[in-house]
Enquirer: 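Let me begin by handing over the structure; questions about it come next.
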Amino acid sequence: MAQATPNHTQTVAGWAAHDSSGKITPFNFKRRENGENDVTIEILYCGICHTDIHHVKDDWGITKYPVVPGHEITGIITKVGSNVSKFKMGDRVGVGCLAATCLKCEYCEESQENYCDQVEFTYNGIFWDGSITYGGYSKMLVADHRYVVRIPDNMAMDRAAPLLCAGITVFTPLKDNNLVDTKGKKIGIIGLGGLGHVAVKFGKAFGHHVTVISTSPIKEQEAKDNLGADDFIISTNPKQMLEKKRTLDFILDTVSAKHSLGSYLELLKVNGTLVIVGAPDKPIDLPAFPMIFGKRTVKGSMIGSIEETQEMMDLCGKHNILSDIEIITTDQINEGLERLAKNDVKYRFVIDIAGPSSHL
């Protein structure tokens, strides 16, 4: 569809899945010419997100093949449209999940455009010109400048890439619950993976007591010694869960597998809040009594606005917060997807799109 659009004249090398086998192979396609509101970005790095697995395998039944995944993109601007004033050639920038929104609804006007009902994503979406969006598993991207953020100069571009999805996904709930500017709360992070490890770093940087809640005892040393967590609860240990009952002000649930929230809710104080940011493919169990008897709140949250993403990125630069990553080459993408599906990574795969000679 995108290749038939008249102004899509730039041939780009990328990597795509063509069917529900999910196998990624080299794929040449067309991108649009740089428009007046656009910037063209030479892609250096792209993180691999769990969402990429769901899309390449069509787990959600919405994939438009061929699909070029990738929404944790960092690179260098090589061209700037005539209406663009906040970016210039050579700028270090990032692109996350958002490609387009309506720009006029109440959510767009209130800088909550990630909840616009016409939102289109960086890949597997439909852009304003009717073309299918192709993501960051490619050499180059043309993006509307309103959905681009600046990467602080002191941040490594490879380790900054996952912040554009994993980072903003866990930052926004902290901000929404007044945990960025207020210190001294007791917060729990369920799951220590691509999202959870960044959440621990944020929690500590913002001055909170951080407890990691996990089914894996072997992660305790990593959580405490390497990430700075203050406490660790094995969620499958009834004694530990009971001992920590009503001790937490806030819990962030990053787990993408089906699970029950009941025992986790009991960890919250009265009036505590649990925010779900993981996306299990099956409904999670939510018993009523732990909410009723603790006046507790369960909420969801999806990424963040561009304004919030820039705020997060600037704070990451200030506090030296970066993702812990494993770099892979483009011919290792399939291996990376397979290992990610098995949670065999600490903690995010990042594809070196440009090649080793372009490290910044």
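Positions are given from 1, in the same order as the sequence printed here. Bear in mind that the values here come from a model prediction, so they are computed numbers and not experimental data.
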Enquirer: Taking K88's backbone N and O only, do any of them form a donor-acceptor pair with D91's side chain (distance below 3.5 Å, no angle check)?
Expert: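 Checking the backbone N and O of K88 against the side chain of D91, a donor-acceptor pair under 3.5 Å is found.
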Enquirer: Is the backbone of I306 close enough, under 3.5 Å, to the side chain of E113 for a donor and an acceptor to pair up by distance?
Expert: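 Indeed, once roles are kept as given, a pair shorter than 3.5 Å links the two residues.
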Enquirer: When you measure from the centre of the six-membered ring of Y134, is the NZ or CZ of R31 closer than 6.0 Å and no more than 45° off the axis?
Expert: no
Enquirer: With a sphere of 6.0 Å drawn around NZ of K186, does it hold more than 12 non-hydrogen atoms of other residues, nucleotides or ligands?
Expert: no
Enquirer: Is a side-chain donor or acceptor of S131 paired with a backbone partner of F127 at a separation under 3.5 angstrom?
Expert: no
Enquirer: Quick one: do K224 and D230 make a salt bridge, cutoff under 4.0 Å?
Expert: no
Enquirer: Do you know the tightest heavy-atom contact between V80 and N34?
Expert: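 Taking every non-hydrogen atom into account, C-ND2, 3.7 Å.
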Enquirer: Looking at D58 and I62, would you say the former's side chain and the latter's main chain have a donor-acceptor pair under 3.5 Å?
Expert: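 Judged by distance alone, yes, a pair lies under 3.5 Å.
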Enquirer: For D225, does the CG atom sit with more than 12 other heavy atoms under 6.0 Å from it, leaving out its own atoms?
Expert: yes
Enquirer: With distance as the sole test, does H319 use its side chain to make a donor-acceptor pair with the main-chain N or O of C316 at under 3.5 Å?
Expert: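 Checking the backbone N and O of C316 against the side chain of H319, no donor-acceptor pair under 3.5 Å is found.
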Enquirer: Hey, could you give me the CD1/OG distance between I353 and S138, rounded to the nearest 0.5 Å?
Expert: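 That separation rounds to 6.5 Å.
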Enquirer: I need the I333 CD1 to E338 CD distance, nearest 0.5 Å.
Expert: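 The CD1 atom of I333 sits 12.0 Å away from the CD atom of E338.
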Enquirer: Pairing donors with acceptors under 3.5 angstrom, does anything connect the side chains of Q310 and D314?
Expert: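 Yes, because at least one side-chain N or O of Q310 sits under 3.5 Å from a partner of the opposite role on D314.
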Enquirer: With a 3.5 Å cut-off and no angle check, do the side chains of Y115 and E106 form a donor-acceptor pair?
Expert: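 Judged by distance alone, the side chains do not pair up.
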Enquirer: Measure the shortest side-chain to side-chain distance between I43 and M140 over non-hydrogen atoms and say whether it is less than 4.5 angstrom.
Expert: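 No; the side chains remain at least 4.5 Å from each other.
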Enquirer: Are the side chains of T309 and L164 in touch, meaning some heavy atoms are under 4.5 Å apart?
Expert: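 In contact.
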Enquirer: Of all heavy-atom pairs between H54 and T63, which one has the smallest distance, and what is that distance?
Expert: O-OG1, 4.4 Å
Enquirer: If the condition is side-chain hydrogen bond (donor to acceptor under 3.5 Å, both in side chains), which residues does T236 pass it with, not counting sequence neighbours?
Expert: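 Once residues adjacent in sequence are excluded, T236 has no partner under the side-chain hydrogen bond (donor to acceptor under 3.5 Å, both in side chains) criterion.
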Enquirer: Connecting only ILVMFWY residues whose side-chain heavy atoms lie within less than 4.5 Å of each other, what is the rest of L268's hydrophobic cluster?
Expert: I190, I213, I233, M241, L248, I251, V255, L261, Y264, L265, L267, L274, I276, I284, L286, M291, V298
Enquirer: Working note: I76 + R92, criterion side chain to side chain contact (heavy atoms under 4.5 Å, CB included); need CA distance, chi angles, decisive distance, verdict.
Expert: CA-CA 5 Å; I76 303 295; R92 296 155 40 97; 3.8 Å; yes
Enquirer: Within the 3.5 Å criterion, strictly below it, is a donor on N37 or D144 matched to an acceptor on the partner's side chain?
Expert: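 Side-chain D/A pair, N37 to D144: absent.
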Enquirer: Report yes if the side chains of N114 and V119 come closer than 4.5 Å at any heavy-atom pair, otherwise no.
Expert: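 In short, these two side chains do not touch, never coming nearer than 4.5 Å.
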Enquirer: Determine whether a donor-acceptor pair (N or O, by modelled atom type, separation under 3.5 Å) exists between the side chain of T211 and the backbone of G188.
Expert: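 Between the backbone of G188 and the side chain of T211 there is no qualifying donor-acceptor contact (under 3.5 Å).
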Enquirer: Please say which of K201, R348, K346 ends up in a salt bridge (charged side-chain N to carboxylate O under 4.0 Å, His left out) with D324.
Expert: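 Per the salt bridge (charged side-chain N to carboxylate O under 4.0 Å, His left out) rule, the option paired with D324 is K201, out of K201, R348, K346.
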Enquirer: Just to verify, what does H55 make a ring-ring contact (aromatic ring centres under 6.0 Å, His included) with, not counting sequence neighbours?
Expert: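 H55 satisfies ring-ring contact (aromatic ring centres under 6.0 Å, His included) with W60, Y123 once adjacent residues are dropped.
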Enquirer: How many angstroms lie between CG in D352 and CD in Q332, if you round to the nearest 0.5 Å?
Expert: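 Spacing of CG (D352) from CD (Q332) equals 10.0 Å.
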Enquirer: E222 versus H197: any side-chain heavy-atom pair under 4.5 Å?
Expert: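 Contact flag for E222/H197 side chains = no.
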Enquirer: Verify the neighbour count for atom NZ of K185: are there more than 12 heavy atoms of other residues, nucleotides or ligands below 6.0 Å?
Expert: no
Enquirer: Hey, are the side chains of V39 and M89 touching, using non-hydrogen atoms and a 4.5 Å cut-off?
Expert: no
Enquirer: Take atom CD of E243 as the centre, draw a 6.0 Å sphere, and report whether it contains more than 12 heavy atoms from other residues, nucleotides or ligands.
Expert: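 Yes, the 6.0 Å shell around CD holds more than 12 heavy atoms from other groups.
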Enquirer: With respect to H18, which candidate in Y65, F29, F27 satisfies the ring pair (Phe, Tyr, Trp, His ring centres under 6.0 Å) definition?
Expert: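 When Y65, F29, F27 are each tested with H18, the ring pair (Phe, Tyr, Trp, His ring centres under 6.0 Å) holds only for F27.
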Enquirer: As a quick check of understanding, evaluate side chain to side chain donor-acceptor pair (under 3.5 Å) for T101 and Y147, giving each step before the final call.
Expert: CA-CA 9 Å; T101 60; Y147 305 95; 2.7 Å; yes
Enquirer: Heavy-atom count check: over 12 atoms from other residues, nucleotides or ligands less than 6.0 Å from E110 CD?
Expert: yes
Enquirer: Under the 3.5 angstrom rule, does the side chain of K64 hit a backbone N or O of N124 as a donor-acceptor pair?
Expert: yes
Enquirer: Quick one: does any side-chain atom of T172 pair with a main-chain N or O of I303 as donor and acceptor, under 3.5 Å?
Expert: yes
Enquirer: I need the minimum non-hydrogen distance between H145 and K86, along with the two atoms involved.
Expert: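 Taking H145 first and K86 second, the nearest heavy atoms are O-CE, 3.5 Å.
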Enquirer: Can you confirm whether I77 sits close enough to T40 that some side-chain heavy atom of one is under 4.5 Å from a side-chain heavy atom of the other?
Expert: no
Enquirer: Check for a donor-acceptor pair, side chain of T122 on one end and backbone N or O of H71 on the other, with a separation under 3.5 Å.
Expert: no
Enquirer: Taking the side chain as C-beta and beyond, is there a heavy-atom pair between L340 and H50 under 4.5 Å?
Expert: yes
Enquirer: For the side chain of H208 and the backbone of K204, is there at least one donor-acceptor N/O pair under 3.5 Å apart?
Expert: no
Enquirer: Just so I know, are the side chains of E72 and C49 near enough to count as touching, which here means a heavy-atom distance under 4.5 Å?
Expert: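 Yes - at least one pair of side-chain heavy atoms lies under 4.5 Å apart.
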Enquirer: Using only heavy-atom distances, determine whether the side chains of S263 and E266 contain a donor-acceptor pair under 3.5 Å.
Expert: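 E266 and S263 do not have a side-chain donor-acceptor pair below 3.5 Å.
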Enquirer: Hey, mind stepping through F87 and V93 against side chain to side chain contact (heavy atoms under 4.5 Å, CB included) and telling me if it holds?
Expert: CA-CA 9 Å; F87 295 112; V93 294; 3.7 Å; yes
Enquirer: Between R32 and D38, is there a side-chain N and carboxylate O pair less than 4.0 Å apart?
Expert: yes
Enquirer: Over all heavy atoms of both residues, which pair between I189 and A199 is shortest? Give the atoms and the distance, please.
Expert: CD1-CB, 3.8 Å
Enquirer: Do you know the tightest heavy-atom contact between L192 and Y347?
Expert: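 Smallest heavy-atom distance, with atoms named: O-CE2, 3.2 Å.
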Enquirer: Starting at CH2 of W15, measure out to CD1 of I24 and round the result to the nearest 0.5 Å.
Expert: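 Taking CH2 in W15 and CD1 in I24, the distance rounds to 11.0 Å.
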Enquirer: Of all the heavy-atom pairs spanning P173 and S301, show the shortest one and how long it is.
Expert: CG-OG, 3.6 Å
Enquirer: Could you give the distance from SG (C102) to CD (E120), rounded to the nearest 0.5 Å?
Expert: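 C102 SG to E120 CD: 11.5 Å, rounded to 0.5 Å.
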Enquirer: Quick one: do K258 and D285 make a salt bridge, cutoff under 4.0 Å?
Expert: yes
Enquirer: Nearest 0.5 Å, what's the CD1-CG distance between I151 and L163?
Expert: 7.5 Å
Enquirer: Salt-bridged, D344 to K342, with N to O below 4.0 Å?
Expert: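 No, no charged N to carboxylate O under 4.0 Å.
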Enquirer: Under a 3.5 Å threshold, yes or no: a donor from one side chain and an acceptor from the other, between K30 and T11?
Expert: yes
Enquirer: Please tell me whether Y107 and S305 have a donor and an acceptor in their side chains that are separated by less than 3.5 angstrom.
Expert: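 No - no donor-acceptor pair under 3.5 Å links their side chains.
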